[in-house]
Structure formats: structure tokens, C-alpha cells
Asks: 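One structure follows; several queries about it will come next.
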Amino acid sequence: MLTLSGAEAILVDAATVRTGDLHLADGVVVDAPAAAPEGSAPHGPAPEHLDASGCVITAGLVNAHHHLLQSAFRTLPGTRSVAMSTWLPTMAAAYAAAGIDPKLAAVAARVGIAEGLLSGVTTVADHHLTWPSGADTVGIARAVTDAAASLGARIVFVRGTARDDPEVAAASADAIARALPLGDGGVSGDGMLQLAVGPAGVHSDGEATFRLLGEVAERHGLRRRTQSNEQVDVAIALERDGRRPLELLEEWGWLAPDVTLAHLCDVTDEEIARLAASGITATHAPGCDVMMGWGVAPVAALRAAGVVVGLGTSGGGSNDAGHLLADARLAMQVSGLRGPALAAQDVLGMATEGSALGLGRPELGHLRTGAAADVCVWDVSGVADAGVADPVAGLLWASPGRRPGT
């Protein structure tokens with residue numbers, strides 16, 4: 001057993017902050033051990049102790065929306081402060097010039113995952129959208145998941161699509177599901193690996209792609225994820241179909257409790273009610289949305305309607321950093337532009353349990369008894385935190401770019 005003691009605060013979940021000790025054993029959070037009878041001999045190995053004085057303890061952060069491949073394509077000329085219609089072909093040309101294969105996918109994944117781990121992210125969802133014609137898709141999926149395993153991170157690999165042939169994409173997703181060591185719900189027995197499926201969005205993929213990938217998900221018990229209601233998504237759907245994205249997703253069977261939608265910058269009050277009634281979860285990605293000019297999602301309104309909201313960084317092509325805590329700070333800072341401002345503790349809840357619930361992983365993102373022992377210990381004793389009255393809120397308000405202790 002490992003006991004962390006003396007912390008300034010323990011963020012158990014978004015609703016619970018306490019002091020005292022945190023006990024970990026066999027990979028999970030456990031209750032305090034019962035005191036041994038006086039004079040009895042100790043049983044088992046001696047417990048270990050970690051002095052967490054001057055620190056705040058949280059669950060490991062969960063990055064619910066990343067594009068790890070883009071970690072190899074940051075700050076490309078012609079990709080900053082441009083329209084999506086310019087950004088997409090510029091990125092595509094860079095991918096084509098580099099040649100996307102398992103080797104490049106592995107290197108990019110190691111960069112993005114290591115960056116996340118250094119900033120407190122213990123679980124990352126990688127929405128992989130780039131599959132050159134004839135690519136070794138199983139090899140690419142294995143390269144990314146092996147990279148995560150080599151670094152000790154949890155990975156949710158999302159077999160995505162972006163204008164791929166629907167039949168080819170579905171066959172690839174099925175092959176990946178059969179090749180990876182998955183158990184119930186598309187999760188490996190040790191919980192370190194998960195598979196999901198998801199088109200890029202209605203702006204790039206049509207009904208056939210959504211329906212066929214939905215069939216793969218149903219066959220293998222996988223969760224589904226897509227991007228929706230960025231401004232470009234709405235504009236293309238209206239021009240092409242005369243309808244808004246959520247209308248199409250509902251018709252195609254993609255407004256359901258096993259679906260998570262990223263972005264949601266441009267949603268109406270009626271659409272928020274529709275989302276809440278469907279049981280979907282959402283992922284907020286302000287570090288991408290603000291830079292791309294898509295705006296700010298109405299997070300407070302979504303949460304008030306009952307939608308569980310997580311947090312993601314998106315990829316290096318639109319957010320050149322993968323620091324989820326920094327993006328949580330941004331989410332808090334800009335939230336007042338779209339309704340009531342969010343409290344730091346609520347945003348930390350989004351970056352942990354909110355994201356985990358969107359992945360269908362109730363054991364992650366909190367520190368209640370029985371949770372996975374993914375823990376971050378944040379030093380709040382330095383000059384950057386001097387004068388901070390609330391050390392939990394200070395994780396976001398003070399010291400931008402902080403890292404957990406090592």
C-alpha cells in the first residue's frame with residue numbers, strides 16, 4: 001500500500017475536496033487500513049509513504065480529444081489565422097509530403113503522449129483521421145497503441161475517417177478491432193487500451209460512413225465519437241443538405257448515449273435540449289476552437305441542461321501544445337463569454353471525470369474508493385502560488401503551464 005499524506009487538498013471529484021491521507025493499493029484507491037491489534041505482528045509488505053506536504057492531489061487528467069499525429073506538424077506556415085478551407089488542404093499537403101505510415105505515427109504519438117504525461121494527462125483519446133490509400137491501418141493503430149504502452153499511458157485509439165471510402169473505413173475499423181487485445185466494451189483487460197470509432201464530422205463524411213462505422217461499433221461494443229457544430233461543420237451541412245449537423249446525426253443514429261461530440265461551438269438552445277435528451281456526452285476544446293476562430297462552446301448551458309462535458313486539447317495542427325491543464329485554464333477564462341463563468345473546480349472536474357465518463361470509463365477521473373490509482377501530485381508551495389487563498393482553484397488561476405511533481 002502507498003499512502004500520500006500531508007497534502008494541502010485532495011480533489012476527490014468536482015464536488016469533493018478534503019484533506020487527510022490518500023491510500024492506494026493494487027492499482028486502485030482504497031479506504032484507510034484498519035489499525036492492527038496492539039501487540040500483533042504486521043502482515044504483508046510494509047506500507048510506503050509519500051509526503052505530499054505543500055501539494056494538491058488530483059486524479060490523472062483525461063484528454064478526451066486529441067489528434068496525436070498532428071504533434072509532428074505544429075506551426076506549419078499557412079495554418080495560423082486562416083479559414084478552415086485553407087487549413088485543411090495545407091495540412092493534407094504536409095501529410096502527403098511526409099508519408100503517413102506506422103513509423104511516423106509512432107513517433108508523433110510518443111511526442112504527444114509524453115507531452116501529456118509531463119502535464120498530468122494519464123489517459124488520452126487519439127482521434128486518428130489520416131489514412132493514405134493502401135496504408136497499413138492495423139499497423140498504424142498498433143504503432144500508436146504500442147507507443148502509449150511504452151510510456152505507461154492509457155490510450156483510447158479512435159479509428160476515424162475523413163472523406164474515406166465508407167466500406168474501406170468500416171473494414172479497417174473491423175480489422176483493427178479484431179487485431180487489438182480488447183475485452184468487453186472495447187477495453188483491454190488491464191484498462192490501458194481502448195478502441196472507439198468516429199468520422200471527422202458531417203462536413204467530411206456522409207450517411208454511409210456514419211452508419212457503417214456504427215455497425216462496427218455495435219458488433220464490437222465500441223463507443224462512438226465525432227466532431228460537430230464547429231462553424232465550418234454547420235456551414236457545409238446547410239449548403240450541402242439544407243440542414244444543420246445535429247439533424248443529420250440524429251437521423252443517422254448518432255445522437256445516443258454511447259456517442260461523444262467534440263466542439264459544439266455553434267449550437268442553439270433547442271439543440272442543447274436535444275443533446276441533453278439524447279444522452280450524448282460532449283468534449284470542449286477551447287485551445288483549438290478559439291485559435292481556429294470557431295468561437296467558444298456554451299459549456300455552462302450544456303452542463304445546466306444535464307450534458308456531461310469533458311475537455312480535450314485537439315491536435316498540434318490547431319493547438320500547438322498538448323497541455324490539458326493550460327487548456328482548462330483557458331476554458332475557465334473564456335467561459336463567461338458564453339454564459340455564466342465556470343468555477344475552477346468545475347473545470348478541473350471536466351478535465352478528469354467529465355472526460356472519463358465520455359469515454360465510458362467510470363473508474364477514471366476521480367479519487368473515490370475503487371477508482372483507478374491514476375494520481376497527480378501538484379506542488380503549490382512555490383512563489384507562483386504565493387498568496388493563493390484556494391490551492392485547488394490556484395491550480396488553474398496561478399502558474400500557467402504548471403506540471404505535476406515527479
Side-chain angles (χ1 to χ4, degrees), residues 2-24 48-63 71 74-75 111-124 151-153 284-287 290-291 311-313 316 319-337 341-355 365-367 373-406:
L2 172 64
T3 297
L4 287 70
S5 58
E8 293 289 314
I10 300 171
L11 183 66
V12 177
D13 53 40
T16 311
V17 177
R18 66 171 178 84
T19 56
D21 296 340
L22 182 70
H23 306 281
L24 312 174
E48 299 179 76
H49 292 269
L50 175 67
D51 182 5
S53 299
C55 299
V56 171
I57 299 174
T58 72
L61 307 184
V62 180
N63 189 338
S71 298
R74 308 195 218 205
T75 66
V111 168
I113 293 166
E115 180 183 26
L117 285 167
L118 288 170
S119 57
V121 173
T122 54
T123 302
V124 60
L151 293 170
H284 185 32
V290 172
M291 193 289 298
L311 195 68
T313 60
N319 178 356
D320 296 296
H323 196 306
L324 190 67
L325 197 73
D327 280 12
R329 186 177 194 265
L330 177 62
M332 177 186 65
Q333 290 177 314
V334 302
S335 60
L337 298 175
L342 298 171
Q345 195 165 311
D346 289 334
V347 180
L348 288 167
M350 290 165 51
T352 50
E353 191 166 15
S355 290
H366 63 91
L367 296 176
D374 297 3
V375 174
C376 287
V377 180
W378 308 88
D379 184 358
V380 296
S381 65
V383 66
D385 290 284
V388 169
D390 178 347
V392 173
L395 290 179
L396 297 189
W397 284 114
S399 190
R402 73 167 76 233
R403 292 182 174 182
T406 55

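Quick note: residue numbers are just sequence positions, from 1.
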Asks: What closest approach, in Å, do Glu8 and Val380 show between heavy atoms, and which atom pair accounts for it?
Replies: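 What the structure gives for the nearest pair is CG-CG2, 4.1 Å.
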
Asks: Test Val375 against every option in Leu24, Ile10, Leu2 by the side chain to side chain contact (heavy atoms under 4.5 Å, CB included) rule and name the one that passes.
Replies: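 So the option named by the test is Leu24.
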
Asks: Indicate yes or no: at least one non-hydrogen side-chain atom of Leu395 is less than 4.5 angstrom from one of Val56.
Replies: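 Answer yes - side chains close enough.
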
Asks: Do the side chains of Leu325 and Trp378 get nearer than 4.5 Å, heavy atoms only?
Replies: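 Yes. Closest side-chain heavy atoms under 4.5 Å.
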
Asks: I'd like to know if Arg403 pairs up with Asp379 as an ion pair, taking the criterion as any Lys NZ or Arg NE/NH1/NH2 lying under 4.0 Å from an Asp or Glu carboxylate oxygen.
Replies: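 Looking at Asp379 together with Arg403, the answer is no, because their closest N to O distance does not fall below 4.0 Å.
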
Asks: Is any side-chain heavy atom of Pro286 closer than 4.5 Å to a side-chain heavy atom of Leu330?
Replies: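 Pro286 vs Leu330: side chains touch.
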
Asks: Between Leu324 and Ser119, what is the shortest heavy-atom contact and its length?
Replies: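 Shortest heavy-atom separation between Leu324 and Ser119 comes out as N-OG, 4.2 Å.
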
Asks: Testing the basics here: between Leu396 and Ala344, what is the closest heavy-atom pair and its distance to 0.1 Å?
Replies: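 Heavy-atom minimum between the residues: CD1-O, 3.7 Å.
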
Asks: Which atom pair, heavy atoms only, marks the closest approach of Gly394 to Val388?
Replies: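 Looks like CA-CG1, 3.9 Å.
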
Asks: What's the spacing between Asp374 CG and Thr122 OG1 if we round to 0.5 Å?
Replies: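 If we round to the nearest 0.5 Å, Asp374:CG and Thr122:OG1 are 4.0 Å apart.
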
Asks: Using 0.5 Å steps for rounding, measure from the CG atom of Leu367 to the CD atom of Glu353.
Replies: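 Going from the CG atom of Leu367 to the CD atom of Glu353 covers 10.0 Å.
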
Asks: Run the side chain to side chain contact (heavy atoms under 4.5 Å, CB included) check on Thr58 and Leu348 step by step: do they pass?
Replies: CA-CA 9 Å; Thr58 72; Leu348 288 167; 5.6 Å; no

Asks: Search all heavy atoms of Asp385 against all heavy atoms of Arg402 and return the closest pair with its distance.
Replies: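 It is OD1-NH2, 2.8 Å.
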
Asks: If you measure from CG on Leu311 to CE on Met350, what distance do you get to the nearest 0.5 Å?
Replies: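 Going from the CG atom of Leu311 to the CE atom of Met350 covers 5.0 Å.
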
Asks: Considering the options Val62, Val124, Leu61, Val121, which one meets the side chain to side chain contact (heavy atoms under 4.5 Å, CB included) requirement together with Ser355?
Replies: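 Exactly one candidate clears the test, Val62.
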
Asks: For Leu151 and Ala114, which heavy atoms make the closest approach, and how far apart are they?
Replies: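 Here Leu151 and Ala114 meet closest at CD1-N, 3.9 Å.
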
Asks: Could you go through the side chain to side chain contact (heavy atoms under 4.5 Å, CB included) check for Leu4 and Ile57 one step at a time?
Replies: CA-CA 9 Å; Leu4 287 70; Ile57 299 174; 3.8 Å; yes

Asks: Could you tell me which residues satisfy side chain to side chain contact (heavy atoms under 4.5 Å, CB included) with Ala321, sequence neighbours excluded, listed by chain and number?
Replies: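 Scan of Ala321 (side chain to side chain contact (heavy atoms under 4.5 Å, CB included), adjacent residues dropped) gives Glu115, Asn319.
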
Asks: Is there a donor-acceptor pair under 3.5 Å between the side chain of Ser335 and the backbone N or O of Leu342?
Replies: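 Yes: the side chain of Ser335 pairs with the backbone of Leu342.
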
Asks: Would you say Gln345 and Leu11 make side-chain contact, with heavy atoms under 4.5 Å?
Replies: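 A side-chain contact exists here, since the closest heavy-atom pair is under 4.5 Å.
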
Asks: What's the separation between atom OG1 in Thr313 and atom CG in Asp320, rounded to the nearest 0.5 Å?
Replies: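 These two atoms lie 11.0 Å from each other.
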
Asks: Using side-chain heavy atoms (C-beta onward) and a distance below 4.5 Å, is Arg18 in contact with Val12?
Replies: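 They are in side-chain contact.
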
Asks: Quick one: does Thr16's side chain have a donor or acceptor within less than 3.5 Å of a partner on Asp13's backbone?
Replies: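 Not at all, since once roles are kept as given, no pair shorter than 3.5 Å links the two residues.
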
